[in-house]
Amino acid sequence: MTTVGFIGSGQIGSTVARLAIEAGHQVVLSNSRGPETLADTVAELGPRASAATSGEAAAAGDIVVVTVPVKAFPALPAAPLAGKTVIDTCNYGPERDGNIPELDSKSLTSSELLLRYLPDAMVVKAFNNIFYKHLLSLARPAGATDRSYLPIAGDSAPAKAAVTAFVESIGFSVVDAGPLADSWRQSTGTPVWGTPYGPYSDEKGRPADEDTIHAALATATH
């Protein structure tokens with residue numbers, strides 16, 4: 001059993017938390033509004049869930065999921081994330097985040113920008129390419145023939161191994177999409193973003209196998 005901290009508890013965060021609890025993990029949720037605003041979510045998720053401040057969630061997690069707007073990166077609690085495996089689910093959207101020159105020029109990926117704010121963490125990009133309803137509906141037990149694959153990107157082999165084990169525990173298999181510098185291949189609007197799992201209008205989604213995800217990553221253009 002792993003304790004998973006969450007900084008951000010929106011659609012992707014709460015869905016990953018639900019799958020984690022179903023897999024037997026503990027979760028510690030946080031958001032920008034304070035733990036008391038998560039009371040209903042915690043009650044729904046049950047006894048393996050609790051709410052905390054973002055700093056407490058960061059400190060509690062063996063793995064910490066950062067799922068916030070990119071513009072919120074400067075407010076993240078860097079100190080308690082030092083040495084931790086951090087899953088970055090975030091996608092850059094200038095209409096929400098404002099324009100960030102390094103991301104607009106594509107000289108950095110959003111995960112590399114996150115690493116600037118969390119220099120002592122081990123960042124792995126994951127869960128940013130799938131609709132939250134498909135994430136919930138497509139989870140399958142190990143060995144299932146229709147198990148879907150998710151891409152992950154990162155620079156730390158141990159962190160990637162930890163994230164792979166976690167992703168596999170909650171119902172998906174993993175395709176290694178390379179280092180953080182290549183994580184743009186799974187960003188908003190790329191072939192692997194959303195499309196392999198079916199349209200948003202189909203809430204059940206469709207399974208995406210390993211070959212499908214490899215092919216989608218390979219056809220991405222910068």
Side-chain angles (χ1 to χ4, degrees), residues 4 6-20 63-70 73 85-97 100 103 106 108-115 123-140 146-155 159-160 162-222:
V4 187
F6 287 82
I7 301 176
S9 299
Q11 292 170 334
I12 284 286
S14 56
T15 301
V16 174
R18 184 182 306 277
L19 293 172
I63 291 174
V64 180
V65 179
V66 171
T67 178
V68 299
V70 171
F73 285 178
T85 294
V86 170
I87 297 177
D88 167 24
T89 79
C90 311
N91 287 313
Y92 171 53
E95 67 288 341
R96 178 196 62 196
D97 297 314
I100 299 172
L103 302 186
K106 300 180 179 174
L108 277 185
T109 64
S110 58
S111 291
E112 289 174 307
L113 181 67
L114 176 61
L115 198 56
V123 173
V124 177
K125 192 79 166 187
F127 300 120
N128 71 305
N129 74 308
I130 187 169
F131 182 40
Y132 75 99
K133 290 184 178 178
H134 294 164
L135 186 62
L136 191 62
S137 63
L138 290 173
R140 301 284 189 273
D146 62 344
R147 194 159 148 114
S148 290
Y149 282 71
L150 295 172
I152 69 168
D155 297 337
K160 275 182 164 175
V163 172
T164 296
F166 174 66
V167 171
E168 289 181 341
S169 78
I170 67 171
F172 291 83
S173 295
V174 164
V175 167
D176 188 333
L180 287 184
D182 286 346
S183 60
W184 61 267
R185 291 184 176 276
Q186 65 198 73
S187 62
T188 307
T190 59
V192 84
W193 183 75
T195 304
Y197 312 101
Y200 286 4
S201 57
D202 175 9
E203 293 188 5
K204 285 192 165 39
R206 62 170 180 247
D209 64 15
E210 186 174 12
D211 289 344
T212 298
I213 299 305
H214 273 298
L217 289 166
T219 54
T221 54
H222 213 357

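Just so you know, these numbers use all the heavy atoms, side chains as well, and skip hydrogens, waters and symmetry mates.
- Of all heavy-atom pairs spanning Pro191 and Pro196, the tightest one is O-CD, 3.4 Å.
- Nearest heavy atom pair, residue Phe172 against residue His134, reads CZ-O, 4.3 Å.
- What you find for Pro179 and Lys160 is that their closest heavy atoms are N-NZ, 4.3 Å.
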Yes or no on side-chain contact (heavy atoms from CB on, under 4.5 Å) for Val16 and Phe166, after CA distance, side-chain angles and deciding distance? CA-CA 10 Å; Val16 174; Phe166 174 66; 3.9 Å; yes

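- For the side-chain contact (heavy atoms from CB on, under 4.5 Å) test, residues two or more places apart in sequence or in another chain that qualify with Pro94 are Tyr92, Asn99, Asp104.
- Closest approach of Pro199 to Arg206, counting heavy atoms only: CD-NH1, 4.3 Å.
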Pair up each side-chain donor or acceptor in residues 123-133 with any protein partner under 3.5 Å, not counting sequence neighbours, and list the distances.
residue: Lys125; atom: NZ; partner: Asp88; partner atom: OD2; Å: 3.0
residue: Lys125; atom: NZ; partner: Cys90; partner atom: O; Å: 2.5
residue: Lys125; atom: NZ; partner: Ser110; partner atom: OG; Å: 3.0
residue: Lys125; atom: NZ; partner: Ser111; partner atom: OG; Å: 3.4
residue: Asn128; atom: OD1; partner: Gln186; partner atom: NE2; Å: 3.0
residue: Asn128; atom: ND2; partner: Asn91; partner atom: OD1; Å: 3.0
residue: Asn128; atom: ND2; partner: Gln186; partner atom: O; Å: 3.0
residue: Asn129; atom: ND2; partner: Val192; partner atom: O; Å: 3.0
residue: Asn129; atom: ND2; partner: Tyr197; partner atom: OH; Å: 3.3
residue: Lys133; atom: NZ; partner: Glu203; partner atom: OE2; Å: 2.9

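- Counting only distance, with no hydrogens or angles, the side chain of Ser183 and the backbone of Ala153 share no donor-acceptor pair below 3.5 Å.
- Shown here for Asp182 and Ala177, the closest heavy-atom pair between the two residues is CB-O, 3.8 Å.
- Interatomic distance, CG of Leu113 versus CG of Leu180, reported as 11.5 Å (0.5 Å rounding).
- Thr164 contributes atom OG1, which lies 3.5 Å from atom CD1 of Ile152 (distance to the nearest 0.5 angstrom).
- Proximity of a side-chain donor or acceptor of Ser9 to a complementary backbone N or O of Ser14 within less than 3.5 Å is not detected.
- Taken from CZ in Phe6 to CD1 in Ile63, the straight-line distance is 9.5 Å, to the nearest 0.5 Å.
- For Gly13 against Thr67, the heavy-atom pair with the smallest separation is CA-CG2, 3.8 Å.
- With respect to Ile87, the side-chain contact (heavy atoms from CB on, under 4.5 Å) criterion is satisfied by exactly one of Val64, Val65, Val167, Val66: Val65.
- Between the side chain of Thr190 and the backbone N or O of Arg185 there is at least one donor-acceptor pair closer than 3.5 Å.
- Taken from OG1 in Thr109 to CG in Leu115, the straight-line distance is 9.0 Å, to the nearest 0.5 Å.
- Listed by first then second residue, pairs satisfying side-chain hydrogen bond (donor to acceptor under 3.5 Å, both in side chains) with a partner in residues 212-222 read Asp209-Thr212, not counting sequence neighbours.
- Atom CD1 of residue Ile170 and atom OG1 of residue Thr15 lie 9.5 Å apart, to the nearest 0.5 angstrom.
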Between Ile213 and Leu150, is the side-chain contact (heavy atoms from CB on, under 4.5 Å) condition met? List the steps. CA-CA 7 Å; Ile213 299 305; Leu150 295 172; over 6 Å; no

